[in-house]
Number of protein chains: 2
Amino acid sequence: MSRFAFEFDKLVIAGVGLIGGSLAQALARAHPAGRIVGIGRSEAPLRRALELGVVHEAALLDDAPALARALGGADLVVLAAPVAQTHTVLAALAPWLDAGALLTDAGSTKCDVVSAARAALGARIARFVPAHPIAGREASGVDAALPNLYAGRSVIVCPLPENEATGVARIRALWEAAGARVCMMAPEAHDRTFAAVSHLPHLLSFAYMEQLLDAPDAAARMALAGTGFRDFTRLAGSSPEMWRDICMANRTALLDELDRYGAVLATLRQAVAQGDGARLEHTFARARAARENWATAREARAATDTE
Amino acid sequence: MSRFAFEFDKLVIAGVGLIGGSLAQALARAHPAGRIVGIGRSEAPLRRALELGVVHEAALLDDAPALARALGGADLVVLAAPVAQTHTVLAALAPWLDAGALLTDAGSTKCDVVSAARAALGARIARFVPAHPIAGREASGVDAALPNLYAGRSVIVCPLPENEATGVARIRALWEAAGARVCMMAPEAHDRTFAAVSHLPHLLSFAYMEQLLDAPDAAARMALAGTGFRDFTRLAGSSPEMWRDICMANRTALLDELDRYGAVLATLRQAVAQGDGARLEHTFARARAARENWATAREARAATDTE
C-alpha cells in the first residue's frame, strides 16, 4: 500500500473520522511497530475507533490528565478535525506537547488554519507544517476509513517561514508513506487555487438547488431531471456544516472567484439575449476542449499510478 | 427489450445518429416485420447505418426522387436531427408525405420545433406530435446507437391542439415500445422545465470552465482538481453546436432561469461577505435534503423498472 518506509514512535490523531482514521490505517501499515492514539471531543467515535483497531489508545479532548498521557512521548500529531475547530483543539493540546513533537493538519483551507494555529501554538508554530489531502468519500466517520484513501491522491503541503526543512521533509514523508503525491504551495496560493477548483463549484451547486427549490413546481421539474442534473448537483449533497465552515474560512478568495464567475455569466447572458450563437459556441468549444484535456491527463496519471 | 407490441409498415428516420439510430433498433425489435428507412444530409453516416443494419434503405435529403421513394407508403416519420434543422428537414419531406403519415420528433426544445414545424408543414401540423426523449450518451453517431437507450427513460410527449387523440396515442405507443416511460406536457411547460433542470446547468458548467480558463495559472489549478470538479464540469464536455442551438432555441425560458439563479447567487454572496454562516448552512442543508430525496426516488424508480 505505502511506497516509502516511514517510522514514528507515537502518532496522535486529533479527530478520528474518515480523514484521520484513514491516515492512521495507512501509517499503521507503513510502520506496524508505531503506537497510534486517537483524541476526540466525544466518546462514541473514539470507542468505535478502538473497536475497529484504528487506534491503540484514546483520550477525550477535555480530559487534561488523559491528554497529558496521550501526548507524552508523541513525536507526531495530526489534526484531522473540522477547520473551524483548529484553535480550540490546538489550544487544548499545546500545554502537553513534547518539545520534539511535529504537527500537521488535514484541513481544506490553509490561511485560516495557519492563523488559528499561530494563535494557539505561539512559538511552537515552527513545528506545525500545514497540509491538505485532496481525498474524500461520500460516507464519513471512522467506519468509512480506508487505508488506501490517499493512494495516488494529491496532498498539498504548505510550509511556513518558521518551519525547519527537516520538519517539512518529515511531513512530506508521512503523506508519501500513505501513498500520496505531495506538492508544495504557499497557504495563500493554496486557498486561491481551491477557491477556484473546489469551493466555488460547491457554492454554485448549492445555489442551483436553492433556485430550483424556489419554483412552485420544483418537485415536478426534478422528477424529469436526468444524468446531467445528477452530476451537476452531486456537490450539493455535501455536508452543510463543513461547507459553511470552508466558505467562512476562505471567504476572501471565494468572493473573488464568485465575482469573476458573475462577470462571465453576465457575458454569456448577453450572448443568449442577443442571439449571439457564434459567441456561445466559441465559449462552449473552448470549455469542452479544456475539460477533455483535463480528463485525458487525469486518466494518464491514474494509469501511471497503477503501474 | 420493449414492453408493448407496436406495429408499423414503414418507418422513416430523418437523422440516423445516436438518437434516431437507437429508436430504429428498438422499434425493429418490437416489430421485426416493419421496414425502416434512414434519411440524412450526407452519405457517410447513412452508409454506416446500412452497414450496421440499423436501416434497410437510405435516401439523401437533397435527392427528391429518392425522398419520394423513401416516404411513399411510410406510416411513421421520426425527425431526429438537431433542433436548428427542423424547418429545413420538414420542408424537404413535406411534399412527399403520405396523407396517413404520422410524424414525431426527438428535439430537446419544443416551442421552437413546433413553430418551425407549423411553418414547414402547414395544415399537416395536425399529424405532427412533438416529443423529447430524456436519454443520451457521451458518444454520438449511429455507431453509439443502442436498442435499449430508451429503456426506463422518460419521454415527454407534447400534444398540439390540432393533434387527434388517435395520433397522440400512437406516438405514445411508439415510445413505450422502445421501453420509455411517457409523460404528457404542453410545449411551453416542457421548455420551462428543461430550461431549469437541464439547459441552465449546462450553461453554468460551461461558464465555470470559461472562468477557470481565464486565470493565468489555470493549468496549475486544474492539475489539482479532484472528483467534485470532475462531476461539476462533466456537462461542459457536451457538444458546443448542440448547446448553442438549445440556448438559442429556448432563449426566453433560459434567460428567466438564469436571472433567478443570479438572484440566488447574489444572496449567497452577501451571506459569505457578511460572514453569515447560519444563512449558508440553512441553504446548504435544504439543498442537500432535496438532492438526497431526489437520488432516493430515482433509485426506487430504477428498482421498479428492472422488476
**Complete:** Among B:L255, B:L212, B:I156, the residue with the most heavy-atom pairs under 4.5 Å to chain A is B:L255
**Request:** Output the distance between atom CZ (A:R41) and atom OG1 (A:T88), rounded to the nearest 0.5 Å.
**Result:** 8.5 Å
**Message:** Using a 4.5 angstrom heavy-atom cutoff, name the option from A:L268, A:L280, A:D259 with the most pairs to chain B.
**Reply:** A:D259
**Structural part of B:R279 lying under 4.5 Å from a heavy atom of chain A** = neither
**Complete:** Ranked by heavy-atom pairs below 4.5 Å to chain A, first place among B:R244, B:Q211, B:R234 goes to B:Q211
**Prompt:** With a 4.5 angstrom heavy-atom cut-off, which part of A:L213 approaches chain B: side chain, backbone, both or neither?
**Reply:** both
**Message:** For A:Y208 and B:Y261, take the angle between the two ring planes, folded into 0 to 90°, and tell me which bin it lands in: parallel under 30, tilted 30 to 60, perpendicular over 60.
**Reply:** tilted
**Prompt:** Who among B:A285, B:S154, B:G275, B:A263 has the most heavy-atom pairs with chain A under 4.5 Å?
**Reply:** B:G275
**Complete:** Taken to the nearest 0.5 Å, the spacing of B:S108 OG from B:M242 CE works out to 4.0 Å
**Request:** Could you have a look at B:E281, B:E241, B:M185 and say which one has the most heavy-atom pairs with chain A under 4.5 angstrom?
**Result:** B:E281
**Message:** Heavy-atom cut-off 4.5 Å, strictly under: side chain, backbone, both or neither for A:D276 against chain B?
**Reply:** backbone
**Request:** Classify the ring geometry between B:H132 and B:F194 as parallel (under 30°), tilted (30 to 60°) or perpendicular (over 60°).
**Result:** perpendicular
**Contact summary for B:G21 and B:A145, nearest pair of heavy atoms** = C-CB, 3.7 Å
**Prompt:** Does a side-chain heavy-atom distance below 4.5 Å link B:H199 with B:W243?
**Reply:** yes
**Prompt:** Quick one: does B:K110's side chain get under 4.5 Å of B:D105's, heavy atoms only?
**Reply:** yes
**Prompt:** Between B:R192, B:R221, B:M209, B:M222, which residue shows the highest count of heavy-atom pairs closer than 4.5 Å to chain A?
**Reply:** B:R221
**Asked** So which part of B:L224 gets closer than 4.5 Å to some heavy atom of chain A, the side chain, the backbone, both or neither?
**Response** both
**Prompt:** From B:R172 CZ over to B:T104 OG1, what is the distance, rounded to the nearest 0.5 angstrom?
**Reply:** 13.0 Å
**Request:** Could you look at A:S238 and say if it's the side chain, the backbone, both or neither that has a heavy atom under 4.5 Å from chain B?
**Result:** backbone
**Residues that A:R260 engages under side chain to side chain donor-acceptor pair (under 3.5 Å), provided they are two or more places apart** = A:E257
**B:W175 side chain near B:L23 side chain, heavy-atom distance below 4.5 Å** = yes
**Request:** Go through the atoms of B:A225 and report whether side chain, backbone, both or neither lie under 4.5 Å from a heavy atom of chain A.
**Result:** both
**Message:** For chain B, which candidate among A:V272, A:T193, A:L235, A:D217 shows the most heavy-atom pairs at distances under 4.5 Å?
**Reply:** A:V272
**Request:** Could you tell me which portion of B:A266 (side chain, backbone, both or neither) has an atom closer than 4.5 angstrom to a non-hydrogen atom of chain A?
**Result:** neither
**Request:** Measure B:L258 against the heavy atoms of chain A and call it side chain, backbone, both or neither at under 4.5 Å.
**Result:** side chain
**Item:** chain A interface, residue from B:E292, B:H282, B:R230, B:R298 that has the most non-hydrogen pairs under 4.5 Å
**Value:** B:R230
**Prompt:** Is the shortest heavy-atom distance from the side chain of A:P159 to the side chain of A:M184 under 4.5 Å?
**Reply:** yes
**Asked** Under 4.5 Å between any side-chain heavy atoms of B:V157 and B:V129, yes or no?
**Response** yes
**Request:** Would you mind checking which part of A:V264 comes under 4.5 Å of any heavy atom in chain B, side chain (CB onward), backbone (N, CA, C, O), both or neither?
**Result:** side chain
**Item:** chain B interface, residue from A:D245, A:T267, A:L204 that has the most non-hydrogen pairs under 4.5 Å
**Value:** A:L204
**Asked** If you count heavy-atom pairs under 4.5 Å with chain B, which of A:I134, A:D214, A:T233 comes out on top?
**Response** A:T233
